[in-house]
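To start, the structure itself, in structure tokens.
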Amino acid sequence: MKGLTEALKGISGDYELNRLVGFFGGIVYVIGAHIFVGYEVLWLGKPFDLTAYCLAFPGGLAVVAGGTAAAVAIKDRNVAASKVIEQTGSNPATPPAPAPPVQPELAVVPDDTLPEYAR
């Protein structure tokens with residue numbers, strides 16, 4: 001279980017609210033969706049619609065996971081920028097754009113060294 005608890009910790013080594021809310025929100029979503037499906041099938045007597053379930057459940061789970069990942073990524077980026085500002089006293093610079101590739105110069109070959117077909 002150490003890997004699971006380490007995943008819930010942030011840069012500082014403490015548990016982070018975004019990670020905890022995302023983790024428990026995902027668990028509640030998974031359990032809650034199955035409870036509602038069971039309620040409709042067992043209590044209300046509706047038929048189980050596998051197509052609707054397979055279309056709706058993964059989409060909702062992706063929203064929970066994606067929202068959590070976005071919140072954690074934004075927070076981690078901002079914490080890293082704050083640490084740079086704290087250590088250096090200035091905002092971190094954006095890296096420069098890569099230089100355009102340089103094409104090699106064409107070598108000028110005298111006509112007398114070219115084969116007959118290339119003249």
Side-chain angles (χ1 to χ4, degrees):
M1 284 305 264
K2 183 178 181 191
L4 179 63
T5 59
E6 291 299 315
L8 299 176
K9 294 181 180 178
I11 294 174
S12 64
D14 296 330
Y15 291 104
E16 288 186 357
L17 183 63
N18 289 337
R19 296 172 195 257
L20 290 172
V21 168
F23 176 73
F24 289 116
I27 290 175
V28 167
Y29 176 77
V30 169
I31 294 171
H34 290 93
I35 288 173
F36 285 126
V37 167
Y39 170 74
E40 281 193 342
V41 171
L42 299 174
W43 189 264
L44 299 179
K46 293 183 179 178
F48 178 70
D49 187 5
L50 183 62
T51 304
Y53 175 78
C54 289
L55 290 174
F57 183 75
L61 193 57
V63 168
V64 170
T68 301
V72 168
I74 290 169
K75 184 200 171 280
D76 286 350
R77 183 192 64 198
N78 291 340
V79 167
S82 317
K83 287 185 177 186
V84 168
I85 293 170
E86 180 183 351
Q87 293 171 356
T88 64
S90 63
N91 287 333
T94 56
V102 179
Q103 293 186 356
E105 293 184 24
L106 297 175
V108 178
V109 180
D111 286 340
D112 57 345
T113 60
L114 293 175
E116 188 64 35
Y117 62 85
R119 291 184 192 168

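Remember, it's a predicted structure, so these values are computed and weren't measured experimentally. Here, residue 1 is the first one in the sequence, and each next residue gets the next number.
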Identify the heavy atoms of Thr88 and Val84 that sit nearest to each other, and give their distance.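 Minimum heavy-atom separation between Thr88 and Val84: OG1-O, 2.7 Å.
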
Test of understanding: with side chain to side chain contact (heavy atoms under 4.5 Å, CB included), list the residues that count as partners of Leu44, not counting sequence neighbours.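 By the side chain to side chain contact (heavy atoms under 4.5 Å, CB included) rule, Leu44 matches Tyr39, Glu40, Lys46.
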
Residues forming a side chain to side chain contact (heavy atoms under 4.5 Å, CB included) with Val41, sequence neighbours excluded: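 Scan of Val41 (side chain to side chain contact (heavy atoms under 4.5 Å, CB included), adjacent residues dropped) gives Val37, Phe48.
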
For residues 17-31, which side-chain donor-acceptor pairs fall under 3.5 Å, sequence neighbours excluded?
from	atom 1	to	atom 2	distance (Å)
Arg19	NE	Glu16	OE1	3.0
Arg19	NH1	Ala7	O	3.4
Arg19	NH2	Asp76	OD2	2.9
Tyr29	OH	Phe57	O	3.1

